[in-house]
Amino acid sequence: MIKVLLRRFIRRKSAVIGLALITLILAAGLMAQRLAPHDPYAVNVVAKLKGPSMEYPLGTDQLGRCVFSRLLYGARTCLGTGLLVTLIITLIGVPIGIVAGYAGGAFDNLAMRAVDIATTFPSSMLALALVGIFGPSLHLLILVFIGLWWAPFARLVRSMVIKVKEKEFVLAAESGGSSRLSIIVRHIAPNVLSPVIVYATLRVAAVIAHVAGFSFLGLGSQPPTADWGVMLSDARQFLTSAPMLLIWPGLAIMLSVLSFNMFGEGLSEALTPDPSEMAKVKEDTPLPSRAMASCPEGAKAERPHPEGVGAEAPLAAPPRPPAEPGQPAEAIVSIRGLKVYFKSGRSVVKALDGVNLDVRRGRITAVVGGSGSGKSVLALSMLRLIDPPGWQEAGTVRVAGRDLGSLTEKEMRAFRGRQVAMIFQDPSGSMNPVAKVKKHLFEAARTPYSQRTEALEDFKVALARVGLNDPERVLESYPFELSGGMCQRVMVAMGLAAKADVLIADEPTSNLDLTTQAAILDEFFRLRDSGLTIVLITHDLGVVAQTADDVCVIHEGRTIESGTVERVFLHPAEEFTKTLLASVGASGLAA
Amino acid sequence: MIVQAPQSGPGLWPGSQITGKPQPTGKSQAGEPIIEVKGLYKSFAPKAKPLIYAVRDLNLAVGRGEILGLVGESGCGKTTLGKLMLRLERPTQGQILFGGQDIATLGFTALRAIRHRMQMIFQGTANAFNPYYSVNRIIGEPLENYARGASFSERTEMVVSLLAQVGLGPEYLGRYPSEMSGGQRQRVGIARALILNPEFVVCDESVSSVDHAAKDRILELLANFRRERGCSYLFISHDLASVAKICDRVAVMYLGNLVEVLPRPDSPPLHPYTQALAAAFLSPDPRRRGNGKALFKDGAEIGTRPAGCPFSDRCLYAMGICHKAQPLLTDRGDGRLAACHLESNP
Ligand SMILES: Nc1ncnc2c1ncn2[C@@H]1O[C@H](COP(=O)(O)OP(=O)(O)OP(=O)(O)O)[C@@H](O)[C@H]1O
Ligand code: SF4
Ligand SMILES: [Mg+2]
């Protein structure tokens with residue numbers, strides 16, 4: 001876990017630079033006493049406004065004080081204030097947010113009322129007003145910031161907690177007899193930690209900038225304090241004679257604000273997993289043990305695809321014959337010799353180890369295989385969504401004639417969703433829990449703001465088509481307010497809203513009852529007949545037999561065989577397919 | 001078709017009567033139900049008008065040692081019913097009798113005293129585990145709460161032996177949820193629920209999204225536990241094949257209502273909705289394409305629950321009375337209950 005986060009963090013250059021800068025500035029402030037060549041307050045009128053020299057590395061100011069030493073001590077004041085204020089608002093805001101979010105009820109009402117009041121005051125206005133009454137002082141500023149800035153923090157934490165407490169593992173802890181305290185401390189707090197850290201980092205930058213600004217205006221720290229804002233303010237009078245006096249503290253402020261911001265953004269990116277990553281830890285993440293066992297360096301592995309699926313002559317009349325008799329329908333997705341490996345600890349997991357697949361335009365192609373056979377990884381490869389610790393070892397993926405390997409990330413983004421859309425397995429994991437269903441749909445369909453009202457009508461129809469009988473309520477719901485099966489249907493509606501050429505559906509009906517499944521499969525038929533190409537990933541052979549035109553059986557990362565459904569299911573050529581088909585039991589509920 | 005007026009009197013459903021009878025399968029030890037709900041209602045939006053219920057006037061009992069299947073359309077309230085029985089949700093109205101005690105209104109602390117006797121295997125794998133917990137901590141957590149005397153190593157030992165029973169070796173102790181496949185996580189979830197030796201377990205879609213081989217192993221595992229420890233299950237699933245394999249009786253829900261209880265999983269369904277459900281089963285034989293028939297009407301009016309029978313807007317057999325009066329759940333003999341105005345199998 002930690003290692004993965006660390007790796008993701010390190011990959012973000014700006015975050016690492018930010019962290020390095022913060023460390024540098026912090027170290028400078030902490031060791032100011034040792035590093036500073038002079039007392040920051042020692043006046044030397046003889047040497048005033050001097051340029052850099054051996055004695056004064058950055059020169060002297062209007063009173064002959066060492067600029068370098070003052071900068072070092074200034075780091076103490078500025079960073080110290082920033083960290084102190086942030087620490088206190090964290091200590092106030094986080095517990096209030098957690099308790100309000102978890103307990104709800106009267107405490108929540110009270111706390112949120114207080115938050116509302118605190119957030120309606122603009123902090124600068126209040127600070128100005130109080131300075132006007134009590135006179136300028138850094139302590140006053142600190143009090144104002146603490147008094148107001150705990151509130152948005154508490155609100156953020158509360159919303160995170162409300163989201164987390166709906167997750168099953170919190171219920172499981174309750175069901176396992178854990179106390180309220182233990183549920184909060186051990187299950188809820190760690191799972192809201194990342195946004196807390198990110199928010200706190202960004203807050204430090206904000207405090208530094210604000211305090212420096214107020215000191216510059218003469219409302220915060222007072223001369224002769226070694227404070228960057230004060231230095232800046234003093235330097236104004238010497239703008240023409242000694243411009244560097246202005247530059248140094250300005251640079252210091254800018255760098256520290258920037259470094260905290262860069263660090264914060266990097267952290268937030270590292271801590272927010274993207275859906276592709278979520279999908280990868282699903283069902284089909286193969287296990288080292290299994291994949292290891294699966295790689296007896298067999299000769300079969302490298303066997304080239306015997307014939308394009310298209311060359312298959314249909315035995316029985318398929319529901320959808322190739323476009324022109326004798327002419328195989330064009331393969332819109334064509335995968336050859338695909339190998340995708342994952343690093344897991346010290347071993348390498350061969351998730352895909354030689355997959356060949358042809359998906360013909362306007363047909364439903366099913367990919368079947370047991371759990372862990374690599375179905376989901378294959379789906380992700382068609383969108384080039386394999387991220388470290390995984391990589392594509394060999395093979396090509398061509399979609400509509402274009403080799404995905406040759407596209408830039410920007411082209412890829414346009415390609416995803418527009419040409420190939422995906423319905424992820426495990427809807428609860430891949431939907432953003434704080435966005436309403438309609439927002440998911442807007443994003444999937446890339447609806448411009450101006451057309452959102454009309455689009456809503458379309459969405460209602462789409463939701464009704466996938467069997468959600470109360471589209472209005474569903475559009476306004478958050479994912480956690482829907483049942484597992486309802487989320488899955490929303491995912492299907494999102495896939496439909498994307499209006500792509502190829503729709504990859506990863507277990508689209510595995511959480512659904514049979515009547516709903518029938519409705520969704522019907523919708524797939526309709527879409528196919530209107531020209532959409534569908535890749536259906538499933539372990540349910542019944543679904544395959546009844547819906548798919550072509551089928552590709554994969555096992556332990558390799559294509560076992562592929563062809564039309566009739567050919568593969570009625571005349572399986574490979575031993576594995578035969579066992580697979582034999583393992584299926586019939587329904588016990590007699591019709 | 002003979003129209004039967006809504007019955008009242010002795011044929012009416014109190015769950016305990018049914019479980020009190022010797023079970024047709026003989027599998028259940030009959031006697032006192034381990035858990036029974038009476039007149040249960042749950043609404044998630046208590047202020048909405050008209051009230052929308054996820055569970056509505058539900059009466060159901062699970063006998064000791066019985067495996068009761070629960071099937072129905074997604075979103076019909078199966079998971080909600082399971083959570084209500086375990087008091088992971090608070091009912092809007094109604095009684096929940098667990099071992100004879102009404103737990104419907106107990107508070108957090110009072111519930112902790114009985115939590116170890118009832119557990120849930122959760123639906124969905126992404127959110128079922130704390131991502132920062134290793135397998136050892138996930139399964140060990142309930143032990144920490146209830147086996148306070150045991151030391152850490154003793155608890156680990158218990159976890160290891162249970163892991164072995166669900167078919168996972170000790171090397172999984174240090175794994176995190178993100179490092180396991182769906183089938184493995186499913187089994188960890190089962191181990192977490194079984195570690196305290198519960199008397200009653202709600203299994204919510206415990207075999208969906210695993211392949212056939214893994215499915216069989218899980219079913220066998222659940223059956224073994226019942227045999228060894230005599231626990232009871234509410235087995236929620238849309239996979240009729242699994243339900244048929246493991247369950248003693250099957251309850252069918254539609255829009256928050258119980259519409260049918262089958263005395264055996266292979267009893268022919270009587271209620272039109274159950275028939276539609278069974279008919280939608282897809283055969284793995286491509287020659288039998290179209291055998292998954294839709295035995296219900298499409299394009300029902302959206303967003304409203306019809307008056308009368310909840311299924312009346314989609315039912316192929318709906319009659320005049322169906323749109324006026326909601327049929328009550330009545331005894332159809334042989335332990336079967338159905339809520340339909342039709343007298344016999346259409
Ligand atoms: N926390 C919640 N807030 C609001 N509504 C909810 C909440 N949980 C469930 N519901 C609603 O209650 C109804 C029943 O949901 P439930 O999860 O019990 O369905 P289910 O039968 O288990 O479905 P599935 O087979 O899809 O899992 C649904 O309409 C759902 O939207
Ligand atoms: S509509 Fe009538 S016939 Fe159909 S299920 Fe309801 S009561 Fe029975
Ligand atoms: Mg459910």
Side-chain angles (χ1 to χ4, degrees), chain A residues 1 167-169 171-178 180 187 190-191 278 281-287 319 370-372 426 428-429 464 469-472 483-486 507 510-518 539 541-543 545-546 565-566 569-570 581 583-591, chain B residues 71-75 79 86 88 108 112 115-116 119-120 122-130 132 141-142 145-146 176 178 181-183 192 205 208-214 238 240-241 243-245 265-266 268-269 275-286 289 292 294 296 302-303:
Chain A
M1 198 82 212
K167 296 200 172 179
E168 276 93 359
F169 66 80
L171 281 185
E174 188 180 337
S175 158
S178 296
R180 284 198 192 92
H187 295 285
N191 285 291
M278 313 268 264
V281 294
K282 301 273 151 51
E283 176 70 14
D284 279 18
T285 310
L287 308 161
S371 67
D426 200 346
S428 52
N469 336 326
D470 193 355
E472 319 240 336
S483 78
M486 293 164 94
E507 301 283 8
S510 76
N511 265 325
L512 302 177
D513 69 292
L514 294 172
T515 48
T516 316
Q517 169 171 298
H539 61 260
L541 298 178
V543 169
Q546 300 303 319
V565 169
E566 285 76 15
F569 275 46
L570 301 179
L581 289 169
S583 73
V584 188
S587 163
L589 274 184
Chain B
V71 298
E73 200 155 49
S74 85
T79 305
L86 302 185
L88 294 170
F108 190 95
R112 278 185 79 193
R115 287 260 182 240
H116 60 287
Q119 288 294 317
M120 179 147 181
F122 285 93
Q123 172 184 31
T125 46
N127 291 331
F129 305 107
N130 186 339
Y132 300 107
E141 186 178 25
N145 294 321
Y146 289 106
Y176 287 87
S178 61
S181 82
R192 168 172 66 188
E205 301 290 7
S208 72
S209 69
V210 295
D211 60 57
H212 286 281
H238 60 260
L240 300 185
V243 168
K245 266 185 202 149
D266 56 357
Q275 288 177 358
L277 202 63
F281 177 77
L282 299 181
S283 154
D285 184 345
R289 238 182 223 243
F296 52 84
I302 284 157

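The chains referred to below are lettered A, B, ... by the order of the sequence lines, with proteins before strands, and numbering in each begins at 1. Fair warning: this is a prediction, and the values are worked out from it, not measured in the lab.
When heavy atoms are compared at a cutoff of 4.5 Å, B:Leu86 does not approach chain A at all.
Counting all heavy atoms, side chain and backbone alike, A:Gly176 lies closest to B:Asn145 at O-ND2, 3.0 Å. Heavy-atom minimum distance, A:Ser178 versus B:Glu141: OG-OE2, 3.1 Å.
Residues passing the salt bridge (Lys or Arg N to Asp or Glu O under 4.0 Å) test with A:Glu174, sequence neighbours excluded: B:Arg115.
Taking A:Ala173, A:Ser175, A:Ala172 one by one and counting their heavy-atom pairs under 4.5 Å with chain B, the maximum is reached by A:Ser175.
Of the possible donor and acceptor atoms, none in the side chain of B:Asn130 sits under 3.5 Å from a partner among the backbone N and O of A:Phe169.
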